[in-house]
Amino acid sequence: MIASILGYGAYIPRYRIKAEEIAKVWGQDPDRVKLGLLVESKSVPGPDEDTATIAFEAAMQAIERAGIDKSLIGAVFVGSESHPYAVKPTGTILASALGLNPKHLRAASFEFACKAGTEAIQAVIGLINAGLIKYGLAIGADTAQGRPSDPLEYTAAAGGAAYVLGPKGDSKAIAEIERVESYVTDTPDFRRRQGAPYPEHGVRFTGEPAYFHHIINSVKLLLEKLGRDINEYDRFAFHSPNGKFVRNVARRLGIKDLSRVVSLDIVRKCGNFYSGSTLVGIARALDKANPGDKILAASFGSGAGSDAFSIVVKDRITEVKSIGKSVDRYLNRAKYIDYGTYARYRGILVMD
Amino acid sequence: MYMGIIEGTFPPRYRREVKYRNAFVGWRCKKCGRVFYTPRKRCECGSREIEEIELPREGRVVTRTVVRNPPKGYEKYAPYAIAIIELDVDGQKVRVLGQLADVDLDKIRTGMRVRATLRRIRAGRRGLIEYGVKRVPIEE
């Protein structure tokens, strides 16, 4: 056991755009899109929302569920590929708004395409185990960008989740992270250059050598080290660029029961949260967990790498479930908007 | 970048105001317990001992107005609602003014429960992004 999860919180904006609405604008076949990606709609941030505001909502809930004195939080690490500023940390904005104690507080913005959130978790675990901090906040959130008419436009969504982490054996633990394994190679499947408004991707190249290769390797490494079979886990959360990739990776890893993969419903209704994707998945798995359950989660970040986590749920999970909002409540609220409103909210229309 | 012009809020002003814009801060007279939403040097009871407190996040809408012709810089968010929100601070009713977000304008009602969150107040293409407290409906 390397660290405890004391509290968690997720957030997904209320606005949604359906695949049909996007397909209509670009003259594409919506059924082909929906079957190809297994995504029906995606979340859209409101005009006044960004990665910092999403992270704030998630963090508030995580702190509330943790039930700790928030002045003991010693780190605010935010993983995203859509930080509000190119230079100026998101964590300082959050720390101030959350009312954290500025003394002995560390804050940093993390970046590793879609796995910046799980990197932030690992960095906080490292600080805790080094004895530099007692509690830390690790967040993954994004308001993802997809070039208009690109296949990514159907999935690039907004959402995030936050975790209050503490030392192993903490009395407030709702779950323990028992092991983390990472796997990283230089694979140029997806990138965005400085100043470029939208990312570029290698279409099919994003699958086999990137998503599948890295997730399968990190998960196999984790299972090997723990000497465990994948079907011993009760729930699974994978990075979800689309539903099809998640379903395929689950099958290839030998998961027998796909209903245990909690990420599938999230990506089908709300799309890909990028750095928030795996973290919202873990939050949904915790929402559904009972004491003693085991959760396996694996992120994927383009460029490329994957972090696999093995999490064991503790008794206190039953106490925190009534606090705050479940991921399913966010999934089930939806205010559908048309493409024009979407374009306005996302700043696609140039006004100045 | 042309260093002579700073777009948006002037950084020293942002730094002075950030706590009161982003956090949920109020003030309380240590002597009579009266709570204020705006900072004061002196309470109505005459005391100068005033402490800063964290205000509750939840409140109720008392009344609202809808801004359809926004000032410059707020066009993106219009039409939006500004409301008077009543907070219950240990039994004391304190009224605050604030913008509502994520709300259907025709569904705002007196007594509607709202919760404070962090949102962008104004942001240009350059310059500082101004964050601040907005209130969103609590879904029952």
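All chains are named by letter (A, B, ...) in the order of the sequence lines, taking the proteins before the strands, and each is independently numbered beginning at 1.
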Close side-chain approach of B/Y131 to A/D50, heavy-atom, < 4.5 Å: yes
Ionic contact status for [Y] with [X], cut-off 4.0 Å:
{"X": "B/R120", "Y": "A/E49", "value": "no"}
{"X": "B/R115", "Y": "A/E57", "value": "yes"}
{"X": "B/D104", "Y": "A/R14", "value": "yes"}

Side chain, backbone, both or neither: which part of [X] has an atom under 4.5 Å from a heavy atom of chain A?
{"X": "B/Y77", "value": "both"}
{"X": "B/R57", "value": "side chain"}
{"X": "B/Y80", "value": "neither"}

Neighbour count above 12 (heavy atom, 6.0 Å) for [X] [atom1]:
{"X": "B/K31", "atom1": "NZ", "result": "no"}
{"X": "A/K18", "atom1": "NZ", "result": "no"}
{"X": "B/R15", "atom1": "CZ", "result": "no"}
{"X": "B/D106", "atom1": "CG", "result": "yes"}

Pick from B/A78, B/A123, B/G132 with the largest number of heavy-atom pairs that fall under 4.5 Å of chain A: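 Among B/A78, B/A123, B/G132, the one with the most close pairs to chain A is B/A78.
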Among B/L118, B/V133, B/I121, B/V25, residue most engaged with chain A (heavy-atom pairs, under 4.5 Å): B/L118
Pair B/E54-A/K70, salt bridge (Lys or Arg N to Asp or Glu O under 4.0 Å): steps then yes or no: CA-CA 13 Å; B/E54 210 174 301; A/K70 66 184 177 186; 3.3 Å; yes
Contacting region of A/Y345 [heavy-atom separation from chain B under 4.5 Å]: backbone
Out of curiosity, [X] [atom1] to [Y] [atom2], how far, rounded to the nearest 0.5 Å?
{"X": "B/R21", "Y": "A/S96", "atom1": "CZ", "atom2": "OG", "value": "11.5 Å"}
{"X": "B/T117", "Y": "A/D48", "atom1": "OG1", "atom2": "CG", "value": "9.0 Å"}
{"X": "B/D102", "Y": "A/Y15", "atom1": "CG", "atom2": "OH", "value": "4.5 Å"}
{"X": "A/T53", "Y": "B/K134", "atom1": "OG1", "atom2": "NZ", "value": "9.5 Å"}

A/Y85/B/L128 under side chain to side chain contact (heavy atoms under 4.5 Å, CB included): CA gap, chis, key distance, verdict: CA-CA 9 Å; A/Y85 291 93; B/L128 290 173; 3.6 Å; yes
Backbone N/O of B/K76 and side chain of A/R344: donor-acceptor pair under 3.5 Å: yes
